[in-house]
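Here's the structure, in structure tokens; my notes come after.
Chain letters run A, B, ... following the sequence lines, proteins first and then strands; every chain starts at 1. In this text the structure is predicted, and so the values were computed from the model without any measurement.
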Amino acid sequence: MSNWIKLSLGVPNIKGRQLVLSNTLVNGQCFNWYALREHDYVGVLGQYLIRIQQDMKDCDIQFRYHTHKKYKDEGDEDDQVHSLLLDYFQMNEVNLEDLYTTWSNDKHFASIGPCIPGLRILRQDPWECTMSFLVSQNNNIKRITGLMLKIRSSYGERIGDLDTVLDEDEEFEDFTVSEFYTFPTLDQLSKAKEADFRALGLGYRAKYMEASCKIIQKKGGEDWIRNLRLDLNSKKKENSKEEENDDEEELNRKTQDETPKKSQLTLENLESIRAQLVELKGVGNKVADCISLFSLNCLNSVPVDTHVAQIAKRVYGMSESNAKNYPKVVDLFYQKFGTYCGWAHSVLFAAELPQYKPLLETKKKGKRKEKDLKLSEDPGQKKIKILK
DNA sequence: ACACTACCTGG
DNA sequence: CAGGTAGTG
């Protein structure tokens with residue numbers, strides 16, 4: 001059995017303001033994590049079966065993992081998985097607490113942010129992300145997660161059983177997933193025809209899957225999508241002297257905030273990425289923006305779905321939100337939240353999901369009376385309400 | 001160029 | 001209806 005390893009975020013995670021797993025892993029941005037119980041998840045990242053959990057008293061996070069023997073490297077595998085997770089959570093690039101503070105200039109965000117702390121955008125694998133959001137269209141999170149699971153177990157490679165990340169005396173009776181698989185490569189997934197995808201339950205999306213796989217093959221395979229990813233650190237080369245001596249987290253962070261190294265986040269680049277993704281079958285604006293935000297470092301992509309369109313209408317007073325003024329909604333979010341508007345949007349989006357309604361309700365009650373609001377700022381009380 | 005609809009499936 | 005898109009008038 002594997003050992004537990006503490007995840008060192010590099011910054012204090014007070015009250016989960018940098019990272020809360022329950023707000024990050026199951027909010028609809030990814031579909032590869034399953035809750036064993038609250039704040040305790042299993043899922044697959046690359047070739048690793050990972051279990052990760054958070055102690056909601058101090059917000060510390062620990063993980064353990066398992067991988068198939070054929071993948072075993074020598075040496076620092078613990079370090080590799082640790083680095084993998086830090087990259088996945090984008091811990092080295094983004095100080096989420098600072099962003100929440102900035103975003104709270106917007107009144108609507110200010111009312112929601114404290115209820116949904118530590119919601120980070122994950123840096124996912126572009127290929128897997130593309131397939132996931134192809135499946136996601138006109139569909140719900142629960143079913144998407146189930147369908148992706150079927151795709152893995154049908155066409156991926158088996159990594160191992162659940163019990164490789166459980167203690168001997170542990171059991172989770174209602175938990176139905178017992179074995180875990182890698183996400184299939186393009187070659188592996190290309191063995192499936194439309195009928196096969198339909199048999200898995202993908203419905204009319206089956207046709208899109210087969211067609212898109214073929215298109216991706218023609219364009220150069222998974223690497224074609226992976227190469228669409230923006231390199232936000234490219235500017236570092238100019239400051240290489242500074243970077244090398246920069247071991248201290250705070251200094252590093254400061255430098256990055258001051259020199260927004262966002263030279264890649266131009267409108268042209270974003271348009272180009274979207275244009276290329278839309279060439280796939282079953283990928284329109286919304287899905288393309290999901291892919292670019294969740295896997296291609298496009299911090300300012302704003303996928304406009306029914307919920308986001310509703311926010312634009314209900315909260316920000318946009319008259320009509322339909323497919324036609326998609327760009328207008330995107331622009332609205334950019335005007336409100338700036339470079340990281342894709343990140344901000346995800347918090348507001350989460351607030352629209354039924355699962356988050358209870359958290360927001362407690363906040364509303366406190367808001368009724370201004371006097372009570374200050375009292376409810378009591379840390380202990382807040383933690384219970386928000387993070388329970 | 002726009003608006004409208006069919007489309008798998010499950011709650 | 002659910003985090004839409006392609007196809008059609």
Side-chain angles (χ1 to χ4, degrees), chain A residues 23-33 112 116 119-122 124 128-151 154 176 192-216 274-296 298 301-315 318-330 332-333 341-357:
Chain A
N23 288 338
T24 297
L25 295 180
V26 286
N27 61 17
Q29 66 171 316
C30 63
F31 308 97
N32 57 328
W33 294 100
I112 286 171
I116 311 178
L119 190 161
R120 305 185 75 89
I121 298 295
L122 300 164
Q124 299 177 54
E128 179 177 343
C129 192
T130 301
M131 293 299 109
S132 302
F133 282 94
L134 216 48
V135 172
S136 80
Q137 64 170 84
N138 197 24
N139 212 338
N140 59 63
I141 295 176
K142 190 183 167 194
R143 201 158 80 93
I144 300 162
T145 307
L147 291 171
M148 297 313 289
L149 182 66
K150 281 189 185 175
I151 290 177
S154 303
T176 51
K193 298 300 165 200
E194 177 183 345
D196 301 316
F197 286 127
R198 274 189 184 268
L200 292 184
L202 270 75
Y204 62 86
R205 303 164 197 84
K207 191 169 32 177
Y208 301 152
M209 290 291 279
E210 187 184 352
S212 285
C213 282
K214 280 182 182 156
I215 297 173
I216 292 170
R274 192 199 286 182
Q276 295 187 70
L277 291 173
V278 165
E279 288 178 34
L280 302 177
K281 282 292 175 216
V283 176
N285 283 338
K286 191 269 175 182
V287 170
D289 288 346
C290 284
I291 298 167
S292 65
L293 173 63
F294 298 139
S295 75
L296 301 178
C298 297
S301 279
V302 177
V304 181
D305 59 14
T306 48
H307 292 295
V308 177
Q310 268 193 11
I311 297 172
K313 197 191 299 187
R314 189 187 75 237
V315 179
M318 274 191 66
S319 52
E320 277 297 320
S321 296
N322 50 32
K324 183 189 164 190
N325 56 17
Y326 188 108
K328 282 192 174 178
V329 180
V330 173
L332 171 75
F333 276 82
C341 57
W343 285 56
H345 130 279
S346 290
V347 179
L348 300 187
F349 168 78
E352 300 295 310
L353 296 175
Q355 57 193 110
Y356 284 91
K357 287 300 176 198

Starting at [atom1] of [X] and ending at [atom2] of [N], how long is that distance when rounded to a whole Å?
X	N	atom1	atom2	value
A/Arg198	B/dC7	CZ	P	10 Å
A/Gln137	C/dG7	CD	P	12 Å
A/Asn140	B/dG10	CG	C1'	7 Å
A/Arg205	C/dG4	CZ	P	9 Å
A/Ile144	C/dA2	CD1	C1'	8 Å
A/Lys207	C/dA6	NZ	P	11 Å
A/Lys150	B/dT9	NZ	C1'	10 Å
A/Asn285	C/dT5	CG	P	7 Å

For [X], which contact category applies under a 4.0 Å heavy-atom criterion: base, sugar-phosphate, or nothing?
X	value
A/Gly28	base
A/Asn27	base
A/Asn138	base
A/Leu134	nothing
A/Val304	nothing

Quantified in whole Å, what is the [atom1] atom distance between nucleotide [N] and nucleotide [M]?
N	M	atom1	value
C/dC1	B/dA6	C1'	15 Å
C/dG7	B/dA1	C1'	15 Å
C/dT8	B/dC8	P	14 Å

Choosing from [options], which nucleotide comes nearest the side chain of [X]?
X	options	value
A/Arg143	B/dC7, B/dG10, C/dG3	B/dG10
A/Phe349	C/dG7, C/dA2, C/dG3	C/dG3
A/Phe294	C/dG3, C/dG7, B/dG10	C/dG3
A/His307	C/dG3, B/dT9, C/dG4	C/dG3

Practice item. Return yes if the base of C/dG4 and the side-chain atoms of A/Tyr204 contain a donor-acceptor N/O pair under 3.5 Å, otherwise no. Key: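 For A/Tyr204, whose side chain was compared with the base of C/dG4, there is a donor-acceptor pair (under 3.5 Å).
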Practice item. Tell whether A/Lys286 reaches the base of C/dG3 with its side chain through a donor-acceptor pair below 3.5 angstrom. Key: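 Yes, a donor-acceptor pair under 3.5 Å.
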**Study point:** Ring centroid separation A/Tyr356 to A/Phe349 under 6.0 Å
**Key:**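 When the ring centroids of A/Tyr356 and A/Phe349 are compared, they turn out to be at least 6.0 Å apart.
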Review point. Side-chain donor-acceptor pair under 3.5 Å between A/Tyr204 and A/Asn138, yes or no?
Key: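 Looking only at side-chain atoms, A/Asn138 and A/Tyr204 do form a donor-acceptor pair, the distance falling under 3.5 Å.
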Point to revise | Comparing A/Ser136 and A/Val283 on DNA chain C - which has the more 5′ nearest nucleotide | key: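 Result: A/Ser136.
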Practice item. Identify, between A/Ile141 and A/Gly282, the residue whose nearest nucleotide on DNA chain C lies closer to the 5' end. Key: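 The residue mapped nearer the 5' terminus is A/Ile141.
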Review point. Closest nucleotide of DNA chain B for A/Lys142 versus for A/Leu202: which of these residues is on the 5' side?
Key: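 The 5'-side residue here is A/Leu202.
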Check your understanding: Of all heavy-atom pairs between A/Ser301 and A/Pro303, which one has the smallest distance, and what is that distance?
Key ->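 Closest approach of A/Ser301 to A/Pro303: O-CD, 3.6 Å.
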Point to revise | Minimal non-hydrogen separation, A/Leu119 against A/Ala350, with atom names | key: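 Nearest heavy atoms, A/Leu119 then A/Ala350: CD1-CB, 3.7 Å.
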Check your understanding: For B/dC8, which nucleotide is its Watson-Crick or G-U wobble mate, given both distances must be under 3.5 Å?
Key ->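 Per the H-bond distance test, none.
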Review point. Can a salt bridge be assigned to the pair A/Arg314 and A/Glu352 using a cut-off of 4.0 Å between side-chain N and carboxylate O?
Key: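 So A/Arg314 pairs with A/Glu352 through a salt bridge.
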Review point. Would A/Met209 and A/Leu202 satisfy side chain to side chain contact (heavy atoms under 4.5 Å, CB included), going step by step from the backbone distance to the final call?
Key: CA-CA 9 Å; A/Met209 290 291 279; A/Leu202 270 75; 3.5 Å; yes
